[in-house]
Structure formats: structure tokens, C-alpha cells
2 protein chains.
Amino acid sequence: MMTTVKRKPKSKHALAGEIAEAIKLGQFRSGEWLRQIDIEQKFAATRFDVRTALDELVVRKAIEHVPNRGYRVAEIDRETLRHIRSVRIVIETSAATAIVSGMTPATLSTLRGLAEEFGVAVREGTRADQSRVNAEFHEVMYHLSGNPVLEELIWNLRDRGRGSNVTVWASHESLLCSDRDHHAMLEAIEKRDIARLSQLIAAHILKDAPEREPGGL
Amino acid sequence: MMTTVKRKPKSKHALAGEIAEAIKLGQFRSGEWLRQIDIEQKFAATRFDVRTALDELVVRKAIEHVPNRGYRVAEIDRETLRHIRSVRIVIETSAATAIVSGMTPATLSTLRGLAEEFGVAVREGTRADQSRVNAEFHEVMYHLSGNPVLEELIWNLRDRGRGSNVTVWASHESLLCSDRDHHAMLEAIEKRDIARLSQLIAAHILKDAPEREPGGL
DNA sequence: GGCTATTAAATTGGCGCCAATTATGTTGCA
DNA sequence: TGCAACATAATTGGCGCCAATTTAATAGCC
């Protein structure tokens, strides 16, 4: 049981991050109501901080607000999900060029380490571990683009697409696939093969939440 | 019912929109402190609503918050501006294909009307008029993409880039240039010339806030 | 018995007070 | 005169109370 998380710094923004993280990790189901009392107990925060954090998450599109009803985890329909993925492909593949040109031996070895670490996490780590290492890998990679705005956008869109694919991601198949993708990306970066990297990124995104629909994008 | 100041909406979100609009229109200068008392008088809102709205704008990156100092209009440095424009080009040009394929005679004539209207606004309208018509033109155009997520993203990035280029935009030269661009875009859409449309969009974005700094970075 | 009106409990959310902090103005001192 | 310490005014921001609204529980009615 992991109720009442211990946190000394009661920053509103930090609390929003905590809640967002919890949602990402699937601790709240899609469409589930987030009662203020529950949240304030679970995260050991005051009522006001909870409301502020929840408001922030509404702006960030992580949850939605219904007047006089409260806040609930946003349900993203298939179509929106497709739109998000479509935009993600455009944005993330656009980073490929900058990633390759920004590549250095140091970051390359960092990436290699993280790719290995992810492989380990897939086999013997918790879901949170996998999520964290995976995020770190992509963070380092996209950081090479040298464009903070681009980076931030990528994370926003990734977060928005979460919720329904967590279960999918739980499949060991998908995890192994992600693992292979990471190594393939590394290889492409190393060989400065921009086209291949773009292709891998696009495929990676599509696999992130697969959908049997004819006609990509 | 509508006085010189704004209306009195009951929604906090609406107030945030009003303030954001005011910032876009240059009623607050870059780096200027937004004193809560001033805001609450200017927009006839309660202290609490002001703070909520301001918090929302912080999340939306329109303003920034300094603890115990207050809120101020975010100053975007040249580099960030460049990054934003870079991402804008990627995203907005990516919409070109969908725009062309989604084009219908009805929307085309709507666009033509708006392009004309913008031309009129440039000559004899207020700055607010110009801004509004211009926004409407691009809104209709990007709406053709059929991707709401993409649309929203475009607006977010546009808003973030505002602040320093309003003065530039005041230049009659730039306005006339925008006017020409609109008509050129129309033509490209009509001819289903995706490449040309992409090119025009990119150029339009670059012209939106040209680097005037000597030896610009 | 099933359905609806009424009442009670639970939850949300608007709003304001006042302590903490920062900015401003003033005085004393070298 | 310039600087620093202090006093005072202005501003921010944390927090809680309670009214408005929704949900449930219950009783009343057909």
C-alpha cells in the first residue's frame, strides 16, 4: 500500500507533477473521478494545494474539469490519439537531423548505457523502473537536438498520449520491441543515418499504441 | 453592458484568456510586472480570480512567476524565439498536405473573404482588427488540416512567440507583406501546390519576427 | 412493487482575511 | 554627501470557512 506519500516540500507545482506521474503510471484509470479528499490524503497536501495542482493539470490537458462535479482523468478517444501520434511523428522525426549533428561520443556512451539499463529493467525491473529509464533514454536523445522548445513539446505530447497504452506497454512483447528499437536508434545515430533514425522514431511512435487501422498517420 | 474595460465573465478561464489577449495586443510590455491590484481593477475581477488566471498563464508559458515578487510578462530571448520559430516551421508546414487535401470550395471562398478583409484592416482598421482577422484567416486555414491537436499546438506556439514582434508587426511594410502572403497562400491552396504552400508558410513565419539585431547571433 | 418527491450527507468551489515577504522612505552616522 | 540600518507602506500568497450544488438515502405515493 502506498498511500500518503512522504514529501516535505509542499510546492504546488511539484504536487501537480506527482499527480501527473501517478496518472502516467496508471494509478488512476481513465475517466476516474479524482476526489479532492482522496488526493489530499494520498499526497498529504492541503485542500487548496490539491485544487491548484488539479487546475494546473487541467491546463496541461492531463485531466478535465466538470463544474460542480470535479476533476477526472481525461479519456482520449481513438481519433484524438491518432492525431496526437500524427503530430508526434512530425515533431520527433524533425529532431533526427539535429540529434545526429549534435551527437558526441560522451552522450553516445550515455545513451548506450541507458539502452542497456532499459534492457535490464525490462527483464527484472518494475514498471516504474522501465518507465523511468525509457524516459531518460529519450530525454538524453532529444536533448541532443539543442532545442529546448522542441524537447518540451515532445514531452507534453507524450504525456497526453498516455493512459490507454500503459496496459499495452505492459505486454512483454512491446517492451522487448522497445528495447530493440533503442539499440537500432543508437546504431542509426552512430552511423549518422538520419533517414533511418527518422524511420525508427516514427515506427517507435506507431508501436507505442498500436492500432489496426489501414493507412498510417 | 460592455464598458471601456472588459466584461465581467464568471469564468476564471475566460479571464485568463482576456489577460492573454491583452498581452498579445501589447498592453503589457515584456518584463513588466503584473500587479494583482491593477489586474483586478482593469478587468473588474476578484483578487482570487486574478491569481487563478495568472497561474494558468504561467502554465501556458505566457507569463512567469517569481515567488514573493509576483507575475511578469515573460521575456523571450532571441535564442528561444529562434527555437520557437524553428518548431513552428516544422509543425505548420506539416499541415500543408492536409490543408490542400481538405480544401473545399466553401472554405476557399471563406478564406478569400478573410484575406480581403485583412487587406482592408491593414489599410483602415485598428491593430486589434488586424490581429483578429489575421488570426481568423490562419485559423480557418489550419482547421482544414482536420487535426485539432495540431491546430491547438500551432496556436500555443504562436502565442508564445508574441511579445517582441508586435512592434515589428506595427510596421506597415510587414502588414502589407502579410497581406500579399495570404493571397499567395490562397493561390497555392487553390492550385493544390503543396510545396509552394509549405514554402510560403515557412517564409511567413520567418518574416513574422525578423532578426533585426546587429550581427544577430 | 416500482417510481418519484423529499430530506440528508457529501463534495465542490467562491471568496477574504491576515501573516510573511519585499519594496520604499527616512533617519543617523562616518 | 554617500551609505547603511531601521521603520513603514505596499504586495504577495497561504489557508479555511461556509454557501451552492450534486449525490445518496429514505419515505411517500400511485
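All values reported here derive from a predicted model rather than from experimental measurement. Note on naming: letters A, B, ... go to the chains in the order of the sequence lines (proteins, then strands), and numbering restarts at 1 for each one.
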Suppose we screen for side-chain hydrogen bond (donor to acceptor under 3.5 Å, both in side chains). Which residues come up paired with Arg60(B), at least two apart in sequence or across chains?
Glu56(B)

Applied to residues 82-103 of chain A, the ring-ring contact (aromatic ring centres under 6.0 Å, His included) test, sequence neighbours excluded, yields none

Contact list (N/O, under 3.5 angstrom) for nucleotides 5-11 of chain C vs protein:
unit_1  : atom_1 : unit_2   : atom_2 : d
dT11(C) : OP1    : Arg35(A) : NH1    : 2.4

Using a cut-off of 4.0 Å on non-hydrogen atoms, how would the nucleic acid contact of Val50(B) be classed: base, sugar-phosphate, or nothing?
nothing

Who passes side chain to side chain contact (heavy atoms under 4.5 Å, CB included) against Ala202(B), sequence neighbours left out?
Ile89(B), Thr93(B)

Outermost nucleotides of DNA chain D that come under 4.0 Å of a non-hydrogen atom of chain B
dT11(D) to dG14(D)

Tell me every residue that passes side chain to side chain contact (heavy atoms under 4.5 Å, CB included) with Leu108(B), counting only those two or more places apart in sequence or in another chain.
Met103(B), Arg112(B), Leu186(B), Ile189(B), Glu190(B)

Check: His204(A) ring centroid to His138(A) ring centroid under 6.0 Å
yes

Phe28(A) meets the ring pair (Phe, Tyr, Trp, His ring centres under 6.0 Å) criterion, sequence neighbours left out, with none

Listed partners of His13(A) passing ring pair (Phe, Tyr, Trp, His ring centres under 6.0 Å), at least two apart:
none

Sorted by first residue and then second, give each salt bridge (charged side-chain N to carboxylate O under 4.0 Å, His left out) pair with at least one member in residues 132-157 of chain A; sequence neighbours left out.
Asp129(A)-Arg132(A), Glu152(A)-Lys61(B), Glu152(A)-Arg160(B)

